Amino acid sequence: MAQGPSFLPSPFIENEGSTPYSSITGFAFASLEGPILLTREPKTAECAMACQNLTHYFKDQVLHPNTAPYGDFRTNYWAAQQQALAPACVFSPADASQVAYLVRLSQGTNWPFAVKSGGHGAFAGPSNIENGIAVSLKRLNEIAVSDDLSLVEIGVGNNWMTVYEKLEEYRLAVAGGRYPSVGVGGLSLGGGQSFFATTQGLTYLHWALRGGGNNFGIVTKITMETISLTECKMWGGVRVYTENKFSELLQAADNLGNLVSDDGAKSAQIINFSFLEAIKIAAAVLTHSDPERRPAAMSEYLSIPALADTTRVRSLTDMTADLASLERALPGSDDSIILKARGTATFSLNTDILAFAKDTCFDEFDKIADIEGVKPMCVFQIITKGQLEATVAKGGNAMGLDPEEGPLFLLNTQAGWTEDSDSDSSRVKQALQSVIKRTSTYAKERGWGKEFQYMNYAGEFQDIIAGYGEDNKRELVTIADRYDPEAVFQRLQPNYFKLVGAPVNNSF
Ligand SMILES: Cc1cc2nc3c(=O)[nH]c(=O)nc-3n(C[C@H](O)[C@H](O)[C@H](O)COP(=O)(O)OP(=O)(O)OC[C@H]3O[C@@H](n4cnc5c(N)ncnc54)[C@H](O)[C@@H]3O)c2cc1C
């Protein structure tokens, strides 16, 4: 690598080293010494200068418009709204010092950037940027298992499937994402719901970063505790149920969510409500970390007759691949349905709120059924008491979740559609927001409402940091002021869930 220009000081990298719990080990801070700050608005020439500068020093790591690799980069986002953005150039740093160089360059030229790990943001801007610098983390793809096999360092350019494939060589696993293509970076900084969340808690990063999103720096790698699955296998799969089984299903979800036995703690459940053709269905993703043929904790679910069933003893990679098939088959996740929207809310868990949310989802879905190619879905998950306790035991987080309030019902609405017309887009978003609003009103009237909104499932109309509570928000702002006094990660990385409020103020 060539040396950087002289106006740039040596990059400052904080290196925490391995800790007993999962943590950030490489972290590029914005608070570099001697910033060259422009106080006026940046001009296009300055971005061209920033891209030229990067090209000069990191030639093969910069992509430019009107080239095939640049085009490929843009198509590799989950949502069409992100694909539509055209960055001035794309930079792929190869290590933490190059990440710090990029931050310093952005600070010096006042030119904005966006950082992409897996690219699963659901609106325009989380990880791509019009006429700014898109930072692809794909070269930060190291996976290094410690000699005693207890820890693994994971570069944030990996997706979860590559992590699981590598770890299976060591007969190990980690509590990461459940879908293969989701990025290590975005999922971890948003919180990190996994198959093993009840025993492992949410992702264990530093306090501010556990839920702090992209507000504090660019994380280059994380260290996670490894999990040793018996014979490197688990139990899991998808069971599909028809509408006449929905109330039994919600009862099973509530019972499993409240189960505090060891067996219950090894279990995880997700219920996806949507349509198969025009028929209402629920696809339940069920897992248990022991490779038992019929885990006792799952007996209630297994006693409800299913239309289809893929559950079996299998490896984590096989389970993750199963969800890739579900991702393709389920409405709202189909690769060909490219415009995306989502939203989220959290409530105390009981069967009444589960049933109300399910009915509200289908009621709102009916209102947009005439939209060409629309595929809406509601995803129900449970944050168990054990999961919240495990998170606290590993050092807590900024999300303001108290184990005493658990178990919690985590609602995620999402939809895909094909026509990029203003009317279709606003009707779909309005339907998703109505599910959130109506269910939240119903819950609040009964004392079941929670302020917490899960960043990883949130829509652009939601103020995630405010939902963490006033004290946590104040603490996060104090931490940001201390480590990022020039507010580089607020001003120059402007999108996603910032400390100041929702990305878009378009609530219906
Ligand atoms: C099909 C599907 C399945 C999912 N499954 C799960 C699941 O099992 N559990 C769960 O918790 N969530 C899940 N999610 C939600 C997912 O975690 C979020 O969408 C997450 O933001 C995706 O991260 P990404 O890296 O793929 O996306 P990106 O768009 O690349 O990143 C999201 C945000 O994080 C920032 N970011 C990424 N990496 C870094 C970094 N290293 N440093 C600083 N900022 C960074 C980006 O700038 C961006 O603002 C799923 C989403 C989809 C679409």
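Both ligands and their constituent atoms are indexed starting at 1 by order of listing. What you see is a predicted model; the values in this text were computed from it and never measured.
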What atoms of ligand 1 come closer than 4.0 angstrom to any heavy atom of [X]?
X: Arg342; answer: 18 (C), 19 (O), 51 (C), 53 (C)
X: Val156; answer: 41 (N)
X: Ile218; answer: 42 (N), 43 (C)
X: Pro126; answer: 46 (C), 47 (O), 48 (C), 49 (O)
X: Gly119; answer: 24 (P), 26 (O), 27 (O), 28 (P), 29 (O), 30 (O)
X: Tyr454; answer: 10 (C), 11 (O)

Taking 4.0 angstrom as the limit, do Asp318 and Arg312 come out as a salt bridge? yes

Is it true that Arg491 and Glu486 make a salt bridge, defined as a side-chain N closer than 4.0 Å to a carboxylate O? no

Please compare [options] and report which has the shortest non-hydrogen distance to [atom].
atom: atom 13 (C) of ligand 1; options: Phe195, Tyr457, Phe497; result: Tyr457
atom: atom 43 (C) of ligand 1; options: Leu189, Leu187, Val115; result: Leu189
atom: atom 4 (C) of ligand 1; options: Ile129, Val182, Thr320; result: Val182

Atom CD of residue position Glu451 - does it have more than 12 heavy atoms of other residues, nucleotides or ligands inside 6.0 Å? no

When you look for heavy atoms under 4.0 Å from ligand 1, do you find them on the side chain of [X], its backbone, both, or neither?
X: Thr220; value: neither
X: Asn456; value: both
X: Asn159; value: neither

Between Ser106 (side chain) and Leu102 (backbone), is there a donor-acceptor pair under 3.5 Å? no

In this structure, does ligand 1 have an atom that sits under 4.0 Å from one of the heavy atoms of [X]?
X: Gly191; value: no
X: Trp160; value: no
X: Gly217; value: yes
X: Lys221; value: no

Under 3.5 Å: N/O of [X] near N/O of ligand 1:
X: His120; result: yes
X: Gly186; result: yes
X: Ser127; result: yes
X: Ser194; result: no
X: Leu137; result: no
X: Gly118; result: yes
X: Val219; result: yes
X: Gly183; result: yes

For a quick check under 3.5 Å, do [X] and [Y] share a side-chain donor-acceptor pair by atom type?
X: Gln269; Y: Tyr301; result: yes
X: Gln61; Y: Gln98; result: yes
X: Lys498; Y: Asn214; result: yes
X: Thr344; Y: Gln453; result: no

Just checking Phe489 against Tyr483, ring centres under 6.0 Å apart? no

Would you check, one step at a time, whether the test side-chain hydrogen bond (donor to acceptor under 3.5 Å, both in side chains) holds for Asn159 with Ser181? CA-CA 5 Å; Asn159 65 39; Ser181 56; over 6 Å; no

Nearest 0.5 angstrom please: Arg342 CZ to Tyr457 OH, how far? 9.0 Å

Measuring from atom CG of Leu323 to atom OH of Tyr179, what distance do you get when rounded to the nearest 0.5 angstrom? 5.0 Å

Sorted by chain and residue number, the side-chain hydrogen bond (donor to acceptor under 3.5 Å, both in side chains) partners of Asn495 (sequence neighbours excluded) come out as none

Could you name each residue pair satisfying salt bridge (Lys or Arg N to Asp or Glu O under 4.0 Å) that touches residues 157-166, not counting sequence neighbours? Lys166-Glu169

